[in-house]
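Data block below; observations after.
For the single chain, residues carry numbers from 1 onward in sequence order.
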Amino acid sequence: MDLLHQYADDDPDSPNQNPNSPDSSPPHLLPGRSGAPTVDDTMLALSVTSTSSLSRPIDPTQHAVAFNPTYDQLWAPIQGPSHPYAKDGIAQGMRNHKLGFVEDAAIEPFLFDEQYNTFHKFGYAADPSASAGYNYVGDLDALRDNNAISVYNIPQHEQKKRRIEAKKKKEENKEDDDSGGEEKEEIENPASETWLLKNKKSPWAGKKEGLQGELTEEQKKYAEEYAKKKGEEKSGFGGEKAEVVQDKSTFHGKEERDYQGRSWIAPPKDAKASNDHCYIPKRLVHTWSGHTKGVSAIRFFPRYGHLILSASMDTKVKIWDVFNSGKCMRTYMGHSKAVRDICFSNDGTKFLSAGYDKNIKYWDTETGQVISTFATGKIPYVVKLNPDEDKQNVLLAGMSDKKIVQWDMNTGQITQEYDQHLGAVNTITFVDNNRRFVTSSDDKSLRVWEFGIPVVIKYISEPHMHSMPSISLHPNANWLAAQSLDNQILIYSTREKFQLNKKKRFAGHIVAGYACQVNFSPDGRFVMSGDGEGKCWFWDWKSCKVFRTLKCHEGVCIGCEWHPLEQSKVATCGWDGMIKYWD
């Protein structure tokens, strides 16, 4: 009724529109519009719909749900073409793989690999969806044949056995297939290739049929020669057939002891330095000649210089008197090839010699006996004893195989090997109170080592450097003089950095290709060196200028030594076989 009244009020032709009209009804007390609440059309529609529509699934694209759906509505699959992305009936929100929904399964990686590999090898695997027991999927015949084993169940020996059996079976089948009439004849015919292949034997087959009987005289002789040859090889001759020289020595003096019982190597009691100032020698005062080939090194007797030791290419080492007769006192014969280097012990009673026969011999200076022999099978280029008084049993040798080998001469054992150089080692020079030593090599580098530790603490190598075959220590122990093969003498500091002193450089002589020895005067004021033309050069240490040159030898002047007490006297040696004494 309210609606009808409302409609009548809105009509302009209605007589009720005029309030002043006598026909109009009295005024309404209630409002003209309805105050009833609005009704939810959705709930009305749901209430009207049948029970079958209640089971319809919810649209997955719908973001808000205005009622409480049932479990079936939430999880019902989408049917028909209503959803283009769910042709397989899986809701879009449930899809986590391009093929649908994949559940996570808790399985160990090892177990998965085992079943995966078993399936690919044998064709069967355990069913992962089986709730209890062992259900298998795949080839069940193969499962029965293999007793349901996996690839990881077969022991190693079983696998090997199976491979061998399979191979054997294959070969047998092949033979059975090939065994025709003609082929059978070929197998039985020794002239055929098939027979040779079937009956082939090792070249050594049948040679050891019985035990060997007595050796004949000829075989015994050959065996002895072979054993002797092998023994020589092991003793350090490195496979070369070297002449075995018996160690012997000959004394050339009048008597080995004087009337007071003093040895011939005892220094004179009045031997002392005449003055502290050194002078350059001018004239030749004596020549020692006795070597038949070139002299490679000379060394004065330590501290006193009353004897001089020489090593020669005629395989001999000789010691000569300096103060009195000036003759050869003793000859030491023990090397089969040229002697390369010599080194006195601190007291001069013993010395070392290194030869190209790959032997290092430790001699008693007085008696001429060989105390011990050392060898590694390589050529020793330099030998040196540790200058410390308590380490006079330690021998260092620079070898041709790039190593510096350290021996304990008391035990004869190698105690250390310094192996860093890339070429044959030429020199060993102790510095820093004998705690360190410097080595030079054919690899054109200098390396500094801590004694006893085979690790390089300083490595000096520059592109302009040449090989340095001779190094000498300055009397104040602060500098090293290195003979460089580019015809100059370089000076290095013995401090921590071992830097090259660029202000001091001594040149003018020709030494390229020769290991000419460099040396200092006892007061450190002069530097001297031999050269390839037989001259001996003297330079002033401060100014680096050439002070004097002496023509000493025909050919190369390889070595020079300043006398330790008589400061103006110098000994030189050369490849002409002479040792000369200059004053």
Side-chain angles (χ1 to χ4, degrees), residues 294-298 311 313 338 340-341 354 356 379-384 398-404 420-429 431 437-448 456 458-474 479-494 498-520 526-539 541 544-546 549-553 555-561 572-576:
V295 180
S296 52
I298 51 172
M313 297 177 196
R340 164 83 186 203
D341 193 30
Y356 282 98
I379 299 170
Y381 282 170
V382 56
V383 283
K384 193 77 77 173
M399 313 301 286
S400 61
D401 65 345
K402 315 168 193 175
K403 292 180 184 176
I404 300 118
Q420 292 281 318
H421 275 295
L422 305 175
V425 181
N426 292 324
T427 65
I428 298 171
T429 311
V431 296
F437 61 93
V438 181
T439 59
S440 68
S441 164
D442 286 346
D443 62 8
K444 303 180 184 178
S445 72
L446 293 177
R447 293 173 200 249
V448 186
V456 173
K458 181 71 177 177
Y459 169 61
I460 305 165
S461 181
E462 299 292 339
H464 60 77
M465 282 173 63
H466 285 67
S467 183
M468 298 177 183
S470 174
I471 292 179
S472 186
L473 185 65
H474 192 277
W479 305 99
L480 286 172
Q483 182 82 266
S484 180
L485 286 186
D486 57 348
N487 300 325
Q488 61 179 343
I489 296 168
L490 302 176
I491 305 298
Y492 288 89
S493 167
T494 59
F498 287 88
Q499 286 180 324
L500 173 68
N501 188 339
K502 294 180 181 177
K503 293 181 180 178
K504 288 197 182 295
R505 176 179 163 273
F506 304 92
H509 58 320
I510 307 296
V511 291
Y514 303 105
C516 295
Q517 187 184 351
V518 61
N519 225 316
F520 288 97
F526 300 107
V527 180
M528 67 171 174
S529 168
D531 80 347
E533 297 174 344
K535 295 176 185 174
C536 187
W537 292 67
F538 297 88
W539 293 269
W541 169 253
C544 301
K545 291 180 180 177
V546 177
T549 60
L550 294 173
K551 175 65 176 173
C552 299
H553 296 275
V556 183
C557 176
I558 199 74
C560 53
E561 283 265 331
T572 62
C573 66
W575 284 2
D576 57 0

- Query: Do side-chain atoms of Ser441 reach the backbone of Gly423 as a donor and acceptor pair under 3.5 angstrom?
  - Reply: yes
- Query: Quick one: are Trp539 and Ile489 in side-chain contact, heavy atoms under 4.5 Å?
  - Reply: yes
- Query: Would you call the rings of Phe520 and His474 parallel, tilted or perpendicular, where under 30° means parallel and over 60° means perpendicular?
  - Reply: perpendicular
- Query: Taking the side chain from Ser400 and the backbone from Ile379, do they hold a donor-acceptor pair closer than 3.5 Å?
  - Reply: yes
- Message: Quick one: does any side-chain atom of Ser296 pair with a main-chain N or O of Ala311 as donor and acceptor, under 3.5 Å?
- Response: yes
- Query: With distance as the sole test, does Thr427 use its side chain to make a donor-acceptor pair with the main-chain N or O of Ile471 at under 3.5 Å?
  - Reply: no
- Query: Would you call Thr494 and Leu473 a side-chain contact if the rule is heavy atoms closer than 4.5 Å?
  - Reply: yes
- Note on the structure: Residue set satisfying side-chain contact (heavy atoms from CB on, under 4.5 Å) with Thr572, at least two apart, ordered chain then number -> Cys536, Cys552, His553, Cys557, Cys560, Val570, Lys580, Trp582
- Donor-acceptor pair, Asn487 side chain versus Ala512 backbone, under 3.5 Å? yes
- Where the side chain of Asp341 meets the backbone of Val383, is there a donor-acceptor pair that is under 3.5 Å apart? yes
- Report yes if some heavy atom in the side chain of Tyr492 is under 4.5 Å from a heavy atom in the side chain of Val438; otherwise report no. no
- Message: Just to verify, which of Lys535, Gln483, Glu533, Gln488 counts as forming a side-chain hydrogen bond (donor to acceptor under 3.5 Å, both in side chains) with His509?
- Response: Gln483
- Side-chain heavy atoms of Trp479 within contact of Asn501, under 4.5 Å: yes
- Hey, are the side chains of His421 and Ser445 touching, using non-hydrogen atoms and a 4.5 Å cut-off? yes
- Query: Are the side chains of Trp541 and Lys504 in touch, meaning some heavy atoms are under 4.5 Å apart?
  - Reply: yes
- Task: Decide whether a cation-pi geometry holds between Arg340 and Tyr381; the criteria are a distance under 6.0 Å from NZ or CZ to the six-membered ring centre and an angle within 45° of the ring axis.
- Result: yes
- Query: Can you name the residues that form a ring pair (Phe, Tyr, Trp, His ring centres under 6.0 Å) with Tyr514, not counting sequence neighbours?
  - Reply: Trp575
